[in-house]
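Heads up: the structure comes next, in structure tokens.
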Amino acid sequence: MTQKDSPHAGSRLDAGPTVWFVCNAASGSNDDASVAQVMEALGEAGFPVERTIRFPDEEAPAPAVLDAAQVDLLVVFGGDGTTHSVVSAASGWSGAVLVLPGGTMNMLPKRLHGDFPAVEIVARLATNPLQTTRPTVIASRHGTGLTGVLAGPGTIWNEVREAMRAASIVDFVTTAREAIAWSTNGPKVCCAEADCGREEGYSAITVTPDTDGLEANGYYAESLADYAGQGIALLNRDFRDGPHDSLGKHARLRLVCPDGEPMGLLIDGEPFDGAAEEEFYLATCEVDLVTTRNAS
């Protein structure tokens, strides 16, 4: 991903930026104490918050709304799903978005800043010029994927993860049993590109954006025990822990369900209605994202 000085790091920010802050109480780290801590850190770094938006009770702001309020910096503190919604809503905006880790996996913040807590990332802004980047992303008919796509019956493990997040033991046990059965018997998904893995397909295929293409991996299992182990890996969103085939890197990637059934589909951890065939291609994010990777 390319990096540049933000055009908003000039006169307006020097005179005092207008900052809006989006948080989500349902995200992993978004309790009142952590939100207050991050907002205090922003103020100390010279980016005091003018307005707080509590997503999803309040809508993620669109470019016209941000421009009307003369916002310079939009900060999002939430999980991958919240970040997906906020950045997608801001696409086409001329300002900058600061993505902070406030969820479970925090895939995009790790890409932009490294694996650091939100307050440490904010502290870097006080001593360094604001740097922005437009990273590669995944484009599809469903919109943009900032961190990754998961397709196939293995997406049912998202329901297990939600039950676990809701601390419902009964729902967790029930959905875990269903997930193992569906991962075993549900309609598989295959990669339609040349020399792209097993013809019979996989329980799950992940697609991740990289600078030189979409990296695809196919996840499978040969026994019930393997499926249970794979389920734990999918539950934790750490797909590399599951048994898999590398399916290469592609500028465009077509996934197909050989049975003709609609495929399970998650984009940035959020469910979408998949068809029997879906196409993904490498694209560039349509809004500037703040990066602190080179900050001292």
Side-chain angles (χ1 to χ4, degrees), residues 1 80 84 105 107-108 110-111 135-158 160-161 179-180 182-285:
M1 61 187 167
D80 292 336
H84 170 95
M105 292 302 292
M107 300 301 289
L108 187 59
K110 288 176 182 177
R111 192 177 178 194
T136 53
V137 295
I138 305 170
S140 73
R141 69 184 183 90
H142 302 282
T144 299
L146 301 171
T147 59
V149 167
L150 173 64
T155 56
I156 195 173
W157 286 96
N158 184 66
V160 183
R161 186 163 57 94
I180 291 173
W182 186 247
S183 296
T184 307
N185 302 312
K188 302 295 187 291
V189 175
C190 65
C191 177
E193 310 305 328
D195 299 322
C196 198
R198 300 181 174 197
E199 291 184 1
E200 64 271 26
Y202 296 89
S203 293
I205 292 179
T206 61
V207 185
T208 307
D210 205 344
T211 53
D212 57 349
L214 301 177
E215 181 178 354
N217 288 289
Y219 292 78
Y220 56 90
E222 304 296 346
S223 69
L224 190 61
D226 284 341
Y227 275 107
Q230 177 178 319
I232 297 302
L234 293 174
L235 181 63
N236 291 318
R237 298 284 307 282
D238 187 0
F239 306 125
R240 293 170 298 180
D241 286 351
H244 70 276
D245 292 334
S246 174
L247 305 180
K249 286 188 177 181
H250 311 266
R252 287 179 175 267
L253 185 68
R254 189 161 55 94
L255 302 183
V256 176
C257 177
D259 293 344
E261 297 290 331
M263 69 180 69
L265 187 64
L266 298 175
I267 300 177
D268 292 342
E270 297 299 303
F272 287 82
D273 293 328
E277 181 175 324
E278 296 285 350
E279 186 173 12
F280 307 94
Y281 57 94
L282 194 67
T284 302
C285 184

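Since this is a predicted model, take the numbers as computed values, not measurements.
Looking at D268, its side chain does come within 3.5 Å of a backbone N or O of G148 through a donor-acceptor pair. At distances below 3.5 Å, at least one donor-acceptor pair connects side-chain atoms of T136 with backbone N or O atoms of D210. A distance-only check finds no donor-acceptor pair linking the side chain of D80 to the backbone of M105 [under 3.5 Å]. Between the side chain of H250 and the main chain of L282, no donor-acceptor pair closer than 3.5 Å is present.
Between T208 and T147, the shortest heavy-atom distance links the atoms CG2-O, 3.8 Å. Listed here is the closest heavy atom pair of D245 and R198: OD2-NE, 3.7 Å. Residue I267 comes nearest to H84 through the heavy atom pair CG2-CE1, 4.0 Å, listed as atom of the first residue, atom of the second, then distance. Closest approach of L255 to F280, counting heavy atoms only: CD1-CE1, 3.8 Å. Here the closest non-hydrogen pair linking H244 and N217 is CD2-OD1, 3.4 Å. Shown here for C190 and P258, the closest heavy-atom pair between the two residues is SG-CG, 3.8 Å.
Partner of V149 under the side chain to side chain contact (heavy atoms under 4.5 Å, CB included) criterion, chosen from L265, T206, I205: L265.
Residue pairs meeting the ring pair (Phe, Tyr, Trp, His ring centres under 6.0 Å) criterion with at least one partner in residues 253-272, sequence neighbours excluded, are H142-F272.
Contact annotation: the side chain of L253 approaches that of E193 to within less than 4.5 Å [non-hydrogen atoms, C-beta and beyond]. Using a 4.5 Å cut-off on side-chain heavy atoms (C-beta onward), S203 and Y219 make no contact.
In D212, the CG atom is crowded: over 12 heavy atoms of neighbouring residues, nucleotides or ligands sit closer than 6.0 Å. Within 6.0 Å of the CD atom in E199, the count of heavy atoms belonging to other residues, nucleotides or ligands does not exceed 12.
A salt bridge links R252 to E279: one of the charged nitrogens lies within less than 4.0 Å of a carboxylate oxygen.
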